[in-house]
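Here the structure is laid out as structure tokens; the discussion comes afterwards.
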Amino acid sequence: MKIITWNVNSIRARLEIIANYIDANSPDVVAIQETKVVDEDFPIETFKVRGYDVAFSGQKAYNGVALMSKFGLENSKGNLIDSNNEKRTIQAQINDITIINAYFPHGRLKGGERFFFKLEFFKKMKNYVEKESLIQKRMILLGDFNVAPEEIDVWDHILLGNSIGFMDEERDAFRDLVSIGLIDAFRLKHPNERAFSWWDYRDGSFRKNEGMRIDHILISPALQSNLAECFIDKGPRKLKGTSDHAPVVVEIK
DNA sequence: ATGGTCGGACCCCGA
């Protein structure tokens, strides 16, 4: 089963790029963040005609998440945790695997209201996974975490020491969530690879490969022996009019 | 090189 996670930065602005990617790569499950569309306007047909069941939880202008699956979506639900009514989470069971798709808050500036909202969001997600006893089951928590956990996950750890996405408090929040037993699929498969999933639109960051690895696929221990491969597909990031994030791909046997 | 990011909703905000 091939699963991808992708922050597309508006599903409507990126619809052709997403459709082309799906046609070329045939993922079984697609987890999207930042759809930026209310549910009434979700472009569901694009995915239905390609054989996907679709579930989504969106709002006007900001946030929004979606799950598409070729193997059905059971017990799908959004708004898993309290998040100021911001549509940032959606979950479903696919082939007996529980998949949680999450768009973690950006955080803006250190010490501000949105920064604490971000740290709280990590705690709430940890509590949710524990409360639902998901870590003991076949479970994947994936999405845009807006945190690069280690020095190898950013292009310059000295320069970025006080930048959003790589501050100590955020990295601690990420580690605290992972500490319940989650496994970073990309890092397990590529222990020494410096790879990024996001590059700022500004300053030619992609051309200079000045990025951060903030999109993650975390699996429960029950899936570790089924993990065939995990990689970041930089291809779509090269396109004109594309998202500032690249898809992360995982293959589960 | 006398500019240098996007999208969405509005003429700014959030990322």
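Below, read A as the first sequence line, B as the second, and so on, with proteins coming before strands; counting in each chain starts at 1.
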Q) In whole Å, what separates the P atom of B:dC6 from that of B:dC10? A) 22 Å

Q. When we call it a touch if two heavy atoms are under 4.0 Å apart, what does A:Arg207 touch: a base, just sugar-phosphate, or nothing?
A. nothing

Q) Hey, does A:Phe206 reach any base, or is it just sugar-phosphate, or nothing, if we go heavy atoms under 4.0 Å? A) nothing

Q | Result of checking A:Val249, A:Asp28, A:Ile140 against A:Ile3 for side-chain contact (heavy atoms from CB on, under 4.5 Å) | A | A:Ile140

Q. Name the stems with DNA chain B in them: runs of three or more consecutive Watson-Crick or G-U pairs, distances under 3.5 Å?
A. B:5-8 with B:12-15

Q) Between A:Phe42 and A:Arg12, is any pair of side-chain heavy atoms under 4.5 Å apart? A) no

Q) Does a donor on one side chain sit under 3.5 Å from an acceptor on the other, for A:Glu34 and A:Tyr103? A) yes

Q: State whether a side-chain donor-acceptor pair under 3.5 Å links A:Lys36 with A:Asn9.
A: yes

Q.
Please give the distance between the C1' atoms of B:dC11 and B:dG7 as a whole number of Å.
A. 15 Å

Q. Starting at the 5' end of DNA chain B, which residue's closest nucleotide do you reach first, A:Lys60 or A:Tyr103?
A. A:Lys60

Q | Torsion-based syn/anti label for B:dG4, 90° from 0 as limit | A | syn

Q. Should A:Asp176 and A:Lys123 count as an ion pair when the cut-off is N to O under 4.0 Å?
A. no

Q.
For A:Phe145 and A:Phe174, take the angle between the two ring planes, folded into 0 to 90°, and tell me which bin it lands in: parallel under 30, tilted 30 to 60, perpendicular over 60.
A. perpendicular

**Q.** ring-ring contact (aromatic ring centres under 6.0 Å, His included) against A:Phe47, all qualifying residues, sequence neighbours excluded
**A.** none

Q: May I ask whether A:Val38 and A:Ile11 are part of the same hydrophobic cluster, defined by side-chain heavy atoms of I, L, V, M, F, W, Y residues being less than 4.5 angstrom apart, directly or through others?
A: no

Q.
Quick check on DNA chain B: between A:Asp203 and A:His106, whose nearest nucleotide comes earlier from the 5' end?
A. A:Asp203

Q: Determine the interatomic distance between P on B:dA9 and the same-named atom on B:dG14; round to the nearest Å.
A: 14 Å

(Q) Let's go through A:Arg187 and A:Asp153 carefully: what are the C-alpha distance in whole Å and the side-chain angles of both, what is the deciding distance for salt bridge (charged side-chain N to carboxylate O under 4.0 Å, His left out) to 0.1 Å, and is it a yes or a no? (A) CA-CA 10 Å; A:Arg187 193 50 77 207; A:Asp153 297 315; 2.6 Å; yes

Q: Could you list where the contact with chain A starts and ends along DNA chain B, reading 5' to 3', using a 4.0 Å heavy-atom cut-off?
A: B:dT5 to B:dA15

